[in-house]
Novice: 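Sharing a structure here in structure tokens format.
Keep in mind it's a predicted model, so treat the numbers as computed, not measured.
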Amino acid sequence: MAAPVGERVALVALRSVMVRVRQAAERSGRTAEEVRVVAVSKTKPLSLIRQVYDSGHRCFGENYVQEILEKAPQLPDDIEWHFIGHLQSNKVKSLLAGVPNISMVQGVHSEKIANHLDNAVSSLARNPLKVLVQVNTSGEPSKSGVDPSGVVELAKHVKLHCPNLLFSGLMTIGMPDYTSTPENFRTLSNCRLEVCKALGFTEEQCELSMGMSGDFEQAIEMGSTNVRIGSTIFGPREYPNKR
């Protein structure tokens, strides 16, 4: 039986995205294999995620704890789940317990949340968890993330005081209108230089997660190793009407 139209569209879109990723990587002197594509499936049904999975893609992301807790147990356990964005400390343990195959948390924005993650990993006796420190490069009050001036101290805290976490790099969310996005990305790149110097890391040891549906090619050209792509693959998000 042929896949429904929406699912066929997602597969075509995914192929198009991967071509664009390869081309952007080549423009930056890298290969597509050096850029991770996280398919962000927020609000999308299991059937659509399975279609993308069946095409060979394995890396998916979610933004809400309840949604990933509902979806992950119903999908193959070789998916590499990424939790992206703001994570409340009271939901840390349920996230890690409910999603054993979570691969990375992109959004450690404070020492408090790092400590909660570290304790939860320890109490669940699971392997160390990769984390990215979220940096608020735009200065918007509505966005989570440490100020660029505090990124070195937070990275040091994760590296030196959270033995159950693997500090893996930095992430940011660009401005919604994209006009200031290049400056946001440059700020994150500069933060990486400072962190690498402080921790004795090479740049290859410190990922940059920047770029989403509207700006992922530019992000890759500016050094991103991880792009988070939702609507360009899955189509517009469908939020339930709130009454």
Novice: Please identify each residue that fulfils ring pair (Phe, Tyr, Trp, His ring centres under 6.0 Å) with H57, with sequence neighbours left out.
Specialist: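 With neighbours one apart ignored, the set is F60.
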Novice: L193 and V195: same hydrophobic cluster, using ILVMFWY side-chain contacts below 4.5 Å?
Specialist: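 Per the 4.5 Å side-chain linkage, L193 and V195 are not co-clustered.
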Novice: Quick check: is L124 connected to V121 through a chain of hydrophobic side chains (ILVMFWY, heavy atoms under 4.5 Å apart)?
Specialist: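 Same hydrophobic cluster.
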Novice: Check whether any side-chain heavy atom of V40 sits under 4.5 Å from a side-chain heavy atom of I229, and report yes or no.
Specialist: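 Counting from C-beta outward, V40 and I229 never come under 4.5 Å.
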Novice: We want to know whether S41 and E62 form a side-chain donor-acceptor pair, criterion being a heavy-atom distance below 3.5 angstrom.
Specialist: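 E62 and S41 do have a side-chain donor-acceptor pair below 3.5 Å.
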Novice: Measure the spacing between CG of L132 and OG1 of T172 and express it to the nearest 0.5 Å.
Specialist: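 These two atoms lie 11.5 Å from each other.
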Novice: Kindly work out whether a path of hydrophobic side-chain contacts (I/L/V/M/F/W/Y, heavy atoms less than 4.5 Å apart) joins V65 to L46.
Specialist: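 Yes, one cluster joins them.
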Novice: Give a yes or no answer on whether the side chain of N136 reaches the backbone of G139 with a donor-acceptor pair at less than 3.5 Å.
Specialist: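 Yes; at least one donor-acceptor contact below 3.5 Å.
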Novice: Would you give the length of the straight line joining atom CG of N63 to atom NE2 of H86, rounded to the nearest 0.5 angstrom?
Specialist: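 Atom-to-atom, N63:CG and H86:NE2 are 12.5 Å apart.
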Novice: I'd like to know if E67 pairs up with K42 as an ion pair, taking the criterion as any Lys NZ or Arg NE/NH1/NH2 lying under 4.0 Å from an Asp or Glu carboxylate oxygen.
Specialist: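 Not counted as a salt bridge, because no side-chain N and carboxylate O are separated by less than 4.0 Å.
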Novice: Measure from NZ or CZ of R20 to the centre of the six-membered ring of F216 and say whether it is under 6.0 Å with the direction within 45° of the ring axis.
Specialist: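 Verdict for F216: no cation-pi partner in R20.
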Novice: Identify the heavy atoms of P236 and K44 that sit nearest to each other, and give their distance.
Specialist: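 In terms of heavy atoms, the two residues are closest at O-NZ, 2.5 Å.
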Novice: Just wondering, do L208 and S189 contact through their side chains at under 4.5 Å, heavy atoms?
Specialist: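 Heavy-atom side-chain distance check passes, below 4.5 Å.
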Novice: Are the side chains of N226 and Q106 in touch, meaning some heavy atoms are under 4.5 Å apart?
Specialist: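 Result yes, sub-4.5 Å side-chain heavy-atom pair found.
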Novice: Check R27 with E221, please: is the shortest side-chain N to carboxylate O separation under 4.0 Å?
Specialist: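 Between R27 and E221 there is a salt bridge, with a charged N closer than 4.0 Å to a carboxylate O.
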Novice: NE2 of H82 to CD1 of I102: how many Å apart, nearest 0.5 Å?
Specialist: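 Interatomic distance, H82 NE2 to I102 CD1, rounded to 0.5 Å: 8.5 Å.
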Novice: Is R186 salt-bridged to E183, going by a charged N under 4.0 Å from an acidic O?
Specialist: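 Yes, charged N to carboxylate O under 4.0 Å.
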Novice: What heavy-atom pair brings S144 and Q134 nearest, and what distance separates the two atoms?
Specialist: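 Smallest interatomic distance, heavy atoms only, reads O-NE2, 3.2 Å.
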Novice: Taking only distance into account, with no hydrogens and no angle test, what donor-acceptor pairs under 3.5 Å do side-chain atoms of residues 153-167 form with protein atoms, sequence neighbours excluded?
Specialist:
from: H157; atom 1: NE2; to: N115; atom 2: OD1; distance (Å): 2.7
from: N164; atom 1: ND2; to: D118; atom 2: O; distance (Å): 3.4
from: N164; atom 1: ND2; to: D118; atom 2: OD1; distance (Å): 3.2

Novice: Could you check if a side-chain atom of L129 sits within less than 4.5 angstrom of a side-chain atom of M104, using non-hydrogen atoms only?
Specialist: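 Result no, sub-4.5 Å side-chain heavy-atom pair not found.
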Novice: Let me confirm one number: the OG-CH2 distance from S103 to W81, rounded to the nearest 0.5 Å.
Specialist: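 Output value for this atom pair is 12.0 Å.
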